[in-house]
K.L.:
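Before I ask anything, here is the structure I am working with.
Here is the naming used below: chain letters follow the sequence lines, and residue numbers restart at 1 for every chain.
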Amino acid sequence: MNWTAAIPEIFLALSGLAILMLGVFVRREPTFLCSMLAVGALLLTAVLVLGGSDGAAYGGQFVVDPFSSFVKLLVLAAAALALVLSLDYNRREGLARLEYPVLMLFATLGMLVMASASNLMTLYLGLELQSLAIYVLAAFARDTLRSSEAGLKYFVLGALASGLLLYGISLVYGFTGGVGFAGMAQALADPVHASPGLIAGIVFIVAGLAFKISAVPFHMWTPDVYEGAPSPVTAFLATAPKVAAMALLLRVMVTPFGHLLGSWQLLIELVSIASMVLGALAAIGQTNIKRLMAYSSIGHMGYALIGLACGTPEGIRGVLVYLVIYVFMNAGTFACIIAMRRRGLAVEKIADLGGLGRSDPGLALAMAVFMFSMAGIPPMSGFFGKLYVFLPAVQSGLWTLAVIGVLTSVVGAYYYLRVVKVMYFDPGVEELDAPPASLSVLATGTALFTTLFFVFPGPFIGAAQAAARVLFG
Amino acid sequence: MIATLAFYVFALILLVSAAMVVTARNPVHSVLFLIMAFFNAAALFLIAGAEFLAMILVIVYVGAVAVLFLFVVMMLDVNFAELREGYQRYAPVGAAVGAVLFVELLMVLGGWHFAPDAASLRLGQIPAGVSNTDALGRVLYTDYVLLFQLAGLVLLVAMIGAIVLTLRDRKTSRHQDIGRQTARSAATSLRMVTVAIGAGVAPGDILRPQPEAPLTPPEPVGGGAGHGGPHHAAEIR
């Protein structure tokens with residue numbers, strides 16, 4: 001058995017256990033040390049992922065291919081960014097406990113397994129490992145009511161979504177006679193086998209995964225959880241799990257169910273349209289920036305799903321490019337949000353950004369870059385993300401999706417630009433505190449990535465192309 | 001013959017105790033009936049030849065889950081009569097959801113085809129000398145080692161989560177601080193008093209270990225007018 005295929009995962013699991021033990025027995029304050037070690041572990045895992053060789057392992061339960069490596073690297077980068085974002089915030093809010101980095105490592109491990117899952121059982125276990133760790137992280141500020149509420153709400157709804165997913169898995173297993181993706185693809189090679197029960201199973205699986213990427217109509221938890229969870233956890237929640245769950249959705253839809261494209265295409269289209277419309281309209285009235293980001297992420301997932309609805313390698317490539325861009329601009333935006341403190345206390349109202357353009361031009365500029373990018377204004381990276389999903393949609397003849405996408409982008413631009421307007425043209429209430437160095441560096445780095453993406457898109461698009469092609473065999 | 005008789009006995013007791021779980025008024029009785037249901041289900045598994053499942057059911061469900069339920073029921077003091085109040089109001093919605101799921105199940109069963117050779121496979125030869133515990137053990141740590149270990153990590157995360165969310169250092173818990181113990185000197189712990197004959201020892205003369213100063217956050221300047229009292233009292237004592 002080719003067990004070495006999972007070396008990055010094994011390394012990450014062992015380092016999570018080692019960091020937990022070290023944190024318990026070390027004599028001085030362990031949190032900073034453990035966080036740094038966790039970042040180190042994530043980076044080393046990324047190196048191991050890069051050095052890994054492709055192939056299936058563990059009796060076909062686990063697969064390493066360009067697609068899984070692409071997703072894993074992106075997830076690891078997002079997790080490392082979120083961990084760095086949390087350092088200063090957790091210290092100030094009294095959340096600096098050693099379990100935080102450990103839980104984050106295990107959540108990341110779950111996502112890596114999701115990226116490599118080629119079997120419905122592996123898929124489910126990876127998803128549960130990731131979700132369970134994130135439920136706890138969302139409730140990490142256990143003494144505040146909102147964080148406990150966020151954790152509980154996410155847990156109860158997440159458990160329901162897991163139930164739906166399992167129900168779908170059992171139906172699909174019943175109708176295809178297998179849980180391995182390769183075997184299922186073989187069983188479904190002839191679309192004649194698409195019985196109503198099988199389609200019901202696919203719908204349940206899509207529902208369970210759509211919950212994890214917070215696509216409409218499974219988005220209800222998103223604003224409350226984003227608002228209630230500690231800001232760095234929200235930053236994590238908005239980036240890495242979205243990438244992993246979206247990757248899972250891509251692989252499940254394309255590899256085993258690829259021949260049934262005609263059966264599920266309309267479903268994905270509807271989810272995509274509903275997400276884009278709700279993300280654009282519901283965000284308009286928000287005053288809390290974290291809630292705004294929640295609706296923004298719902299909308300972004302809708303745009304990304306356009307690529308999946310195409311069902312072509314170009315569409316999948318578009319989704320992957322979109323995810324890369326989304327992760328970096330979201331991490332940057334959250335760096336700015338976490339930096340919002342006034343007299344030592346975290347503030348999160350959009351109005352609190354008033355006058356930032358004068359009091360802290362650097363932070364305001366970074367935030368403006370991210371907002372322009374999210375609105376999809378060239379030459380920021382967000383524009384290219386949308387371009388790479390709209391083009392395949394047009395090529396596949398999905399004009400409706402592309403047109404609705406462009407229209408909702410225009411509506412969305414309103415609330416993104418409102419943030420910019422508040423920063424530069426509204427009178428400030430009172431200056432915000434100067435951000436700590438880690439956040440400034442991170443915001444600058446991600447802002448540079450977002451601005452300069454158009455100069456060097458080649459490597460990303462090439463890697464995404466290779467990753468997308470492998471799904472189609 | 002005996003096996004059939006045993007099956008009906010266990011099945012009957014199982015059904016009755018399962019019905020009692022949901023109808024008993026006293027929640028503690030419900031849990032006890034649940035335990036009985038688990039035992040009888042285990043017996044049914046034994047009759048079916050699945051001794052591993054039977055043992056797991058007893059160890060995990062009776063040994064851990066049901067006892068946990070019992071603790072929860074007894075500690076939380078949930079008023080179940082109150083919980084059932086909304087029953088009539090929610091019954092139609094519940095019935096609707098149930099009906100939808102039932103129809104979906106019918107759809108699934110309607111499209112169900114057994115493979116032609118399924119019956120022969122079901123009656124396939126069981127290798128001699130391999131019990132089903134043995135058979136499970138052979139694949140659990142080999143073919144399914146990845147899934148097994150992942151499930152273990154899920155449980156580990158659940159345990160870490162339970163500790164993170166509930167463990168609190170209590171203010172009243174007594175930790176040994178070796179540094180403080182060795183730094184103690186006679187001057188801080190002993191006081192010589194001269195007691196007049198026949199007067200006894202006055203309460204203030206006996207030096208008891210001082211309670212630790214409570215850890216209060218620094219108060220805002222000029223805002224703590226009402227907080228003077230308790231602190232001074234502690235110092236005087």
Side-chain angles (χ1 to χ4, degrees), chain A residues 1 3 5-6 9-10 13 16-17 20 57-62 97-100 102-103 105-107 109-110 113 116-117 119 121-122 124-137 139-140 142-143 148 151-152 155 167 170-171 174-175 177 195-201 203-204, chain B residues 94 97-98 100-118 121-122 138-171 175-179 215-218 220-221 223:
Chain A
M1 181 162 58
W3 66 275
E9 284 76 13
I10 294 172
L17 298 176
L20 188 61
Y58 298 97
Q61 294 160 11
F62 192 89
R97 300 168 60 194
L98 82 105
E99 289 91 351
Y100 188 91
V102 172
L103 283 172
L105 280 192
F106 283 125
L109 174 64
V113 173
S116 270
N119 179 307
M121 291 192 286
T122 324
Y124 179 71
L125 279 171
L127 195 69
E128 274 310 280
L129 183 57
Q130 175 238 287
S131 311
L132 205 58
I134 293 179
Y135 301 147
V136 179
L137 284 175
F140 207 79
R142 60 185 187 185
D143 294 321
S148 311
L152 191 65
F155 173 67
Y167 191 49
S170 68
L171 286 178
F175 277 95
S195 58
L198 178 74
I199 301 296
V203 170
F204 274 111
Chain B
V97 172
V100 170
L101 286 179
F102 185 70
V103 169
E104 281 167 346
L105 270 177
L106 281 187
M107 272 166 57
V108 173
L109 292 176
W112 192 279
H113 299 293
F114 279 111
D117 50 350
L121 282 177
R122 191 167 64 85
R138 285 185 188 189
V139 291
L140 192 56
Y141 300 99
T142 52
D143 293 353
Y144 295 104
V145 65
L146 177 77
L147 302 178
F148 183 70
Q149 293 296 334
L150 278 176
L153 281 174
V154 172
L155 290 179
L156 174 71
V157 167
M159 195 178 78
I160 297 175
I163 293 173
V164 166
L165 295 181
T166 56
L167 182 71
R168 286 167 197 278
D169 279 333
R170 288 197 308 175
K171 292 273 160 49
H175 295 287
Q176 186 179 28
D177 187 345
I178 297 174
L215 289 168
T216 45
V221 179

K.L.:
Please look at Leu171(A) and chain B and tell me whether the side chain, the backbone, both or neither of the residue comes under 4.5 angstrom of a heavy atom of that chain.
P.N.:
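Just the side chain, heavy atoms under 4.5 Å.
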K.L.:
More than 12 heavy atoms of other residues, nucleotides or ligands under 6.0 Å from CZ of Phe204(A): yes or no?
P.N.:
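Enclosed: over 12 neighbouring heavy atoms sit under 6.0 Å from CZ of Phe204(A).
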K.L.:
Would you name the heavy atoms of Phe140(A) and Val164(B) that are closest together and state the gap between them?
P.N.:
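Minimum heavy-atom contact is CE1-CG1, 3.5 Å.
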K.L.:
Would you mind checking which part of Phe175(A) comes under 4.5 Å of any heavy atom in chain B, side chain (CB onward), backbone (N, CA, C, O), both or neither?
P.N.:
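Looking at Phe175(A), just its side chain touches chain B.
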K.L.:
Side chain from CB out, backbone as N, CA, C, O: work out which of these in Ile10(A) comes under 4.5 Å of a heavy atom of chain B, or both, or neither.
P.N.:
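Neither part; nothing is under 4.5 Å.
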K.L.:
Would you mind checking which part of Leu156(B) comes under 4.5 Å of any heavy atom in chain A, side chain (CB onward), backbone (N, CA, C, O), both or neither?
P.N.:
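Answer is side chain: those atoms of Leu156(B) sit under 4.5 Å from chain A.
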K.L.:
Select one option (side chain, backbone, both, neither) describing which atoms of Tyr124(A) are under 4.5 Å from chain B's heavy atoms.
P.N.:
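Interface part for Tyr124(A): neither.
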K.L.:
For Leu198(A), is it the side chain, the backbone, both or neither that has a heavy atom under 4.5 Å from a heavy atom of chain B?
P.N.:
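Neither; nothing under 4.5 Å.
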K.L.:
Would you find a donor on one side and an acceptor on the other, under 3.5 Å apart, between the side chain of Gln61(A) and the backbone of Asp143(B)?
P.N.:
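Checked: pair present.
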K.L.:
Looking only at non-hydrogen atoms, find the nearest pair between Leu125(A) and Val154(B) and report the distance.
P.N.:
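In terms of heavy atoms, the two residues are closest at O-CG2, 4.1 Å.
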K.L.:
Looking at every heavy atom in both Leu103(A) and Ile160(B), which two are closest together, and how far apart are they?
P.N.:
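Closest approach of Leu103(A) to Ile160(B), heavy atoms only: CD2-CG2, 4.1 Å.
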K.L.:
Counting heavy-atom pairs under 4.5 Å to chain B, which of Glu128(A), Glu9(A), Glu99(A) comes out on top?
P.N.:
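The candidate making the most pairs under 4.5 Å is Glu99(A).
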K.L.:
More than 12 heavy atoms of other residues, nucleotides or ligands under 6.0 Å from OH of Tyr144(B): yes or no?
P.N.:
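Result for OH/Tyr144(B): open.
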K.L.:
Taking all heavy atoms of Arg168(B) and all of Asp143(A), pick out the closest pair and write down the distance.
P.N.:
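So the minimum-distance heavy-atom pair works out to NH1-OD1, 2.9 Å.
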K.L.:
Write down the atom of Thr122(A), the atom of Leu146(B), and the distance for their closest heavy-atom approach.
P.N.:
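Shortest heavy-atom separation between Thr122(A) and Leu146(B) comes out as CG2-CD2, 4.1 Å.
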K.L.:
Let's test your reading of the structure: which of Asn119(A), Val136(A), Leu137(A) forms the most heavy-atom pairs below 4.5 Å with chain B?
P.N.:
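If we count pairs closer than 4.5 Å to chain B, Val136(A) comes out on top.
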K.L.:
With a 4.5 angstrom heavy-atom cut-off, which part of Leu109(A) approaches chain B: side chain, backbone, both or neither?
P.N.:
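Just the side chain, heavy atoms under 4.5 Å.
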K.L.:
Tell me the closest heavy-atom pair linking Leu153(B) and Ala13(A), and the distance in Å.
P.N.:
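Looking at all heavy atoms of both residues, the shortest contact is CD1-CB, 4.0 Å.
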K.L.:
Could you tell me the separation between the CZ atom of Arg97(A) and the CD1 atom of Ile163(B), rounded to the nearest 0.5 Å?
P.N.:
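The CZ atom of Arg97(A) sits 10.0 Å away from the CD1 atom of Ile163(B).
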